[in-house]
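Everything on this sheet refers to the single structure shown next.
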Amino acid sequence: MSRSAHPAGPRHADVLPEGHYSAPPTDLNALDPKVWARTVGRGDDGTVTVGGIPVTRLAEEFGTPAYVLDETDFRARARAWRTAFGPDADVYYAGKAFLSRAVVRWLTEEGLNLDVCSGGELATALSAGMPAERIAFHGNNKSAEEIRRAVSAGVGRIVLDSFPEIVRVAHTARELGVRQKVQIRVTVGVEAHTHEFIATAHEDQKFGIPLAGGRAAEAVRRALQLDGLELTGIHSHIGSQIFDMSGFEVAAQRVVRLLEEVRDEHGVELPEIDLGGGLGIAYTSDDDPREPHEIAKALTEIVTRACEAARLATPRISVEPGRAVVGPTAFTLYEVGTVKQLDGLRTYVSVDGGMSDNIRTALYDAEYSVALVSRRSDAAPMLARVVGKHCESGDIVVKDAFLPADLAPGDLVAVPATGAYCRSMASNYNHVPRPPVVAVADGAARVIVRRETEEDLLRLDVG
Ligand SMILES: *Cc1c(COP(=O)(O)O)cnc(C)c1O
């Protein structure tokens, strides 16, 4: 990502504030298709539309803030992943990115499988009719109750994350009189080039069992000994928002080396390898993600080559994209409340949501884009910081963005690429009810997750 301060001054300050931003775009009304959902466009009257519906109408009908999800785009991206990997591989959508019953139905229809990592996600998946054998259960601290529910529901795989869990799952399966399919999650010791909190393959962290020191080989040994378990493969998830394929290459090679050791020691060729998720998306025009077919080709080649070298039959590959499926398909629609110009410093644009509906900026220093969507403007670009309404100065939605200088209270702005890890990480900070998710397709909009109300919040308060 190349970033540079632009010499052209913003309207409200003689000196550009410190920060990372690109040059102001030549046309603030343009919507970069890299960061916006596919059916988004600007109509002749200047209003942005999605699925043929003007955002002004969505705001009137459903209120702001709201997450607006382009169902057509979601289905197209899910299908693109499915098609790219073909019938000899499996695509598990990572439910933690965003999960609702409508999403589960779309995934089921489009032929994807589903990763869950809590009892709540499992309940959502099952209640919307995802067949249990298409569900994988993850997590570094699954409770006894969650393990029991997953095994009795008949989930297709449980991904074992620790030595105690190998024993717990085997015990539960024996009690329930079944043989549970499992994979072992390993940490391969790769440094993924991403934020520390979303990198998951280095060894000093809570997920997985290290390949180093023979720990993963020992886990395989134990899992093979226990009759409640059917060990089908090895799992590796190296992190999130990754663009560089080299981390996956090293991970796949190390996992295949383990498969080779397992064959040599036990005479067993494990039939599956899961390379996890983590594929990056464009949050700003500076990001250049790869298409699913390129990723599928690269990953398949990496695994095939490593297996040929080890004289192993190529295992069935699975991947677990979350962000790359849902991230680009939604935007958050906000109304502008206050515009505060701090002379010589910065312009703050306050919107009616904030860190409660998008924690990623505060948590990961994530970068986003933003655009005025309720009208067209030919005003000069103004460098602004888009902030929320919460009682925290770190309540930043978009750190540095160019918006038209005539931006005013009542205007609608939208932040694209908020489909993943925004609604799913939303909180009630300051007792702000969480926004709805509105799905749009072919000129129709419907609520798939309703707006939380103050009554919802008060209902939990029983003191
Ligand atoms: C979070 C996670 C994913 C999905 O990651 P994305 O970056 O959303 O693609 C996949 N697999 C596992 C095990 C995860 O923890």
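Numbers here are sequence positions counted from 1. Just so you know, ligand 1 is whichever comes first in the structure, and atom 1 is the first atom listed for that ligand.
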Under the salt bridge (Lys or Arg N to Asp or Glu O under 4.0 Å) criterion, do Glu145 and Arg148 qualify, and how do the steps go? CA-CA 5 Å; Glu145 152 71 9; Arg148 177 166 285 275; over 6 Å; no
Going by ring pair (Phe, Tyr, Trp, His ring centres under 6.0 Å), name the residues that satisfy it together with Phe137, two or more places apart in sequence or in a different chain.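 Here no residue qualifies.
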Trace of the salt bridge (Lys or Arg N to Asp or Glu O under 4.0 Å) decision for Asp90 with Arg157: CA-CA 12 Å; Asp90 295 303; Arg157 65 164 76 141; 5.1 Å; no
Should the pair Arg38-Asp70 be classified as a salt bridge under the 4.0 Å nitrogen-to-oxygen rule?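 Not counted as a salt bridge, because no side-chain N and carboxylate O are separated by less than 4.0 Å.
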Salt bridge present between Glu133 and Lys181 (N-O < 4.0 angstrom):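 Answer for the salt bridge query: no.
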For ligand 1, list the protein residues that place a heavy atom within a distance below 4.0 Å of one of its atoms, sorted by chain and number. Ala94, Lys96, Asp115, His138, Arg185, His235, His237, Ser240, Gly277, Gly278, Glu320, Pro321, Gly322, Arg323, Tyr421
Examine Arg323 relative to Tyr421 and say whether NZ or CZ is less than 6.0 Å from the centre of the six-membered ring and inside a 45° cone about the ring axis. no
